[in-house]
Trainee: 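This is the structure I want to talk about, given as structure tokens.
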Amino acid sequence: MFDKELIEKIRARFPRAEKDFNGNIRAFFDNGTGTLVLKQAARAEHDARINCSANIGGVFDESKQAMKVILEGRQAVADFLNAPSPETIISGESATSLVFNISYALGKEFTGRENVVATDYEHYTNVSPWEELKNQGKIKEVRYARVNMEDGTIDLNHLEGLIDENTKVVTISAASNFLGTKSPLEKIGKMAQKVGSYYFIDAVHQIVHGEIDVQKLDCDFLVFSAYKIFSSHGSFLYGKKEHLKTLKPFKVKTAPTTAPGKYEWGTRNQAFFAAFSAVIDHLEWIGKEVQHLYDRKFSESKGRQRLLKIAMDAIQQNEMELSEAVLKGSEDVPGLLDMPRVTVYGLTDIQRLKERVPTFSFDVEGISGEEVAKRLWDEGKVAARSGHFYSLAQDLHKKQTVVRISLVQYNTLEEVRGFLKSLKAICESR
Ligand SMILES: Cc1ncc(COP(=O)(O)O)c(C=O)c1O
């Protein structure tokens with residue numbers, strides 16, 4: 001989907017796409033843990049620190065500029081998610097802190113009889129806040145929909161059966177950070193709406209891989225983290241206007257009484273917003289680069305929003321090719337599917353790559369995950385990671401240590417080939 005020229009142009013925008021700070025030429029495949037920074041985002045962050053480090057609320061230029069940068073950042077997130085207004089965008093320290101923030105606010109509404117429905121492949125960020133409500137007696141239980149480990153998908157019948165008139169929150173990862181599976185978000189949203197439940201989406205793992213449209217999904221809340229999409233540490237949460245108005249989050253008395261300030265704990269960092277605006281400008285640029293391939297597609301959206309949708313669609317198409325290469329390999333090297341001693345977790349059907357993101361967790365029989373990751377680095381200069389990725393599914397299936405690779409827009413087919421060759425050498429070594 002991306003031609004060679006475009007991939008080169010994209011890679012040129014990431015100062016560490018090719019080499020790390022030591023000058024090592026390496027393939028960076030640890031994107032699920034945190035992506036590399038976009039040059040323009042780092043620059044915008046730097047410039048905001050220098051030019052408008054004053055706090056907002058003052059009458060002087062630096063302070064006004066800081067406010068402007070924050071507003072532009074919120075608008076950029078709203079454009080990206082197709083949220084109705086920048087006031088529906090809350091920022092926070094991390095996705096974890098934002099989920100706790102909202103869960104505590106929702107807990108104030110509950111009586112102890114309610115349940116929350118999640119899935120077996122949630123990240124613990126989308127488990128512990130709801131379990132905490134149970135521990136405090138605010139809800140009766142958290143229910144988890146089974147995941148079919150054969151293909152890594154949610155058992156939708158089981159999920160539907162768990163939802164009843166006492167379900168007040170249905171909360172789902174848009175994509176599993178362990179299995180790489182994408183959740184059927186629209187279908188699940190309809191199940192939640194049938195019983196009048198809140199619909200909460202953890203889009204932290206999905207955000208860099210494809211389109212998210214909160215109005216199309218009709219979700220009540222959606223959270224994602226900027227460091228998973230080329231920016232700095234910190235996160236954003238979208239909330240429906242009416243909920244943000246009525247919920248009562250924990251807040252200090254003098255903080256604003258309206259969203260977004262009502263939900264934001266402490267003083268904002270304008271440099272964080274500046275960096276994220278630059279990421280959205282970058283995605284818009286990709287949209288412009290590929291829009292000639294799109295004819296009238298996405299014409300219901302206009303201007304920047306259409307370009308962002310085009311960009312995310314093109315990114316998804318491109319990543320499907322990377323996924324296929326990871327699984328199938330090429331003439332000179334087998335893919336993960338045919339690699340001796342390798343077990344891949346999650347969906348491996350080449351016909352169904354649309355249902356997954358290019359995140360692959362696997363084991364090599366007889367070699368620990370730590371050793372595989374170390375040798376991939378030492379012998380192949382592939383930055384992969386082994387360990388526990390805070391996924392509930394890993395505990396349920398007793399996979400405490402797996403190796404995970406996760407690819408994004410700056411990764412190439414050559415890098416995939418190099419990774420497979422190194423892995424093959426490791427698999428054949430004893
Ligand atoms: C699916 C998912 N949800 C939540 C998180 C936690 O995000 P944060 O570090 O911003 O709290 C992660 C981090 O890896 C994740 O992959």
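All ligand and atom numbering here is 1-based and tracks the order in the structure.
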Trainee: Just to be sure I'm reading this right: ignoring hydrogens, which of Glu122, Gln206, His123, Glu93 gets closest to atom 12 (C) of ligand 1? Compare them by their nearest heavy atoms.
Mentor: His123

Trainee: Please indicate whether any nitrogen or oxygen in Ser225 is less than 3.5 Å from any nitrogen or oxygen in ligand 1.
Mentor: yes

Trainee: For ligand 1, which atoms, with element, lie under 4.0 Å from some heavy atom of Asn177?
Mentor: 16 (O)

Trainee: Side chain or backbone of Ser94 under 4.0 Å from ligand 1, or both, or neither, by non-hydrogen atoms?
Mentor: both

Trainee: Where do Arg74 and Glu264 land on the salt bridge (charged side-chain N to carboxylate O under 4.0 Å, His left out) test, with the steps shown first?
Mentor: CA-CA 13 Å; Arg74 280 194 216 283; Glu264 293 182 329; 2.8 Å; yes

Trainee: Do Thr119 and Glu122 pair up side chain to side chain, a donor and an acceptor below 3.5 Å, judged on atom types alone?
Mentor: yes

Trainee: Looking only at side-chain N and O atoms, does Glu131 offer a donor or acceptor that is under 3.5 Å from a partner on Asn135?
Mentor: no

Trainee: Side chains of Ser323 and Arg356: any donor to acceptor distance under 3.5 Å?
Mentor: no

Trainee: Just need the protein heavy atom nearest to atom 14 (O) of ligand 1, so name the residue and atom and give the distance.
Mentor: Lys228 NZ, 2.7 Å

Trainee: Using a strict cut-off of less than 4.0 Å between a Lys/Arg side-chain nitrogen and an Asp/Glu carboxylate oxygen, indicate whether Lys240 and Asp218 qualify as a salt bridge.
Mentor: yes

Trainee: Please determine, by modelled atom types, if Asn82 and Gln305 share a side-chain donor-acceptor pair under 3.5 angstrom.
Mentor: yes

Trainee: Step by step, would you call Lys374 with Glu371 a salt bridge (charged side-chain N to carboxylate O under 4.0 Å, His left out)?
Mentor: CA-CA 5 Å; Lys374 185 167 183 323; Glu371 189 179 340; over 6 Å; no

Trainee: Would you please determine whether Tyr227 falls within less than 4.0 Å of ligand 1 on a heavy-atom basis?
Mentor: yes

Trainee: Restricting to pairs with a member in residues 101-111, which pass side-chain hydrogen bond (donor to acceptor under 3.5 Å, both in side chains), not counting sequence neighbours?
Mentor: Glu109-Tyr198, Thr111-Glu114

Trainee: Short list, please: which atoms of ligand 1 are under 4.0 Å from a heavy atom of Thr125?
Mentor: 4 (C), 5 (C), 6 (C)

Trainee: Do any pairs count as a side-chain hydrogen bond (donor to acceptor under 3.5 Å, both in side chains) and have a residue in residues 24-46, sequence neighbours left out, and if so which ones?
Mentor: Asp20-Asn24, Asp30-Thr33, Asp30-Arg385, Asn31-Tyr410, Asn31-Asn411, Thr33-Arg385, Thr33-Arg404

Trainee: Can you report which non-hydrogen protein atom sits closest to atom 11 (O) of ligand 1, along with the distance?
Mentor: Thr96 OG1, 2.5 Å

Trainee: Determine, using heavy atoms of Asp202 and all atoms of ligand 1, whether some pair is separated by less than 4.0 Å.
Mentor: yes

Trainee: Identify, by atom number and element, the atoms of ligand 1 in contact range of Ser235, meaning under 4.0 Å from any of its heavy atoms.
Mentor: 10 (O)

Trainee: Say whether His205, considering both its backbone and side-chain N or O atoms, lies within less than 3.5 Å of an N or O atom on ligand 1.
Mentor: no

Trainee: Can you tell which part of Tyr390 has a heavy atom less than 4.0 Å from ligand 1: side chain, backbone, both or neither?
Mentor: neither

Trainee: Using a 4.0 Å cut-off to any heavy atom of Val204, which atoms of ligand 1 qualify?
Mentor: 2 (C), 3 (N), 4 (C), 5 (C), 12 (C), 15 (C)

Trainee: Quick check: Ala95 and ligand 1, any N/O pair under 3.5 Å apart?
Mentor: yes

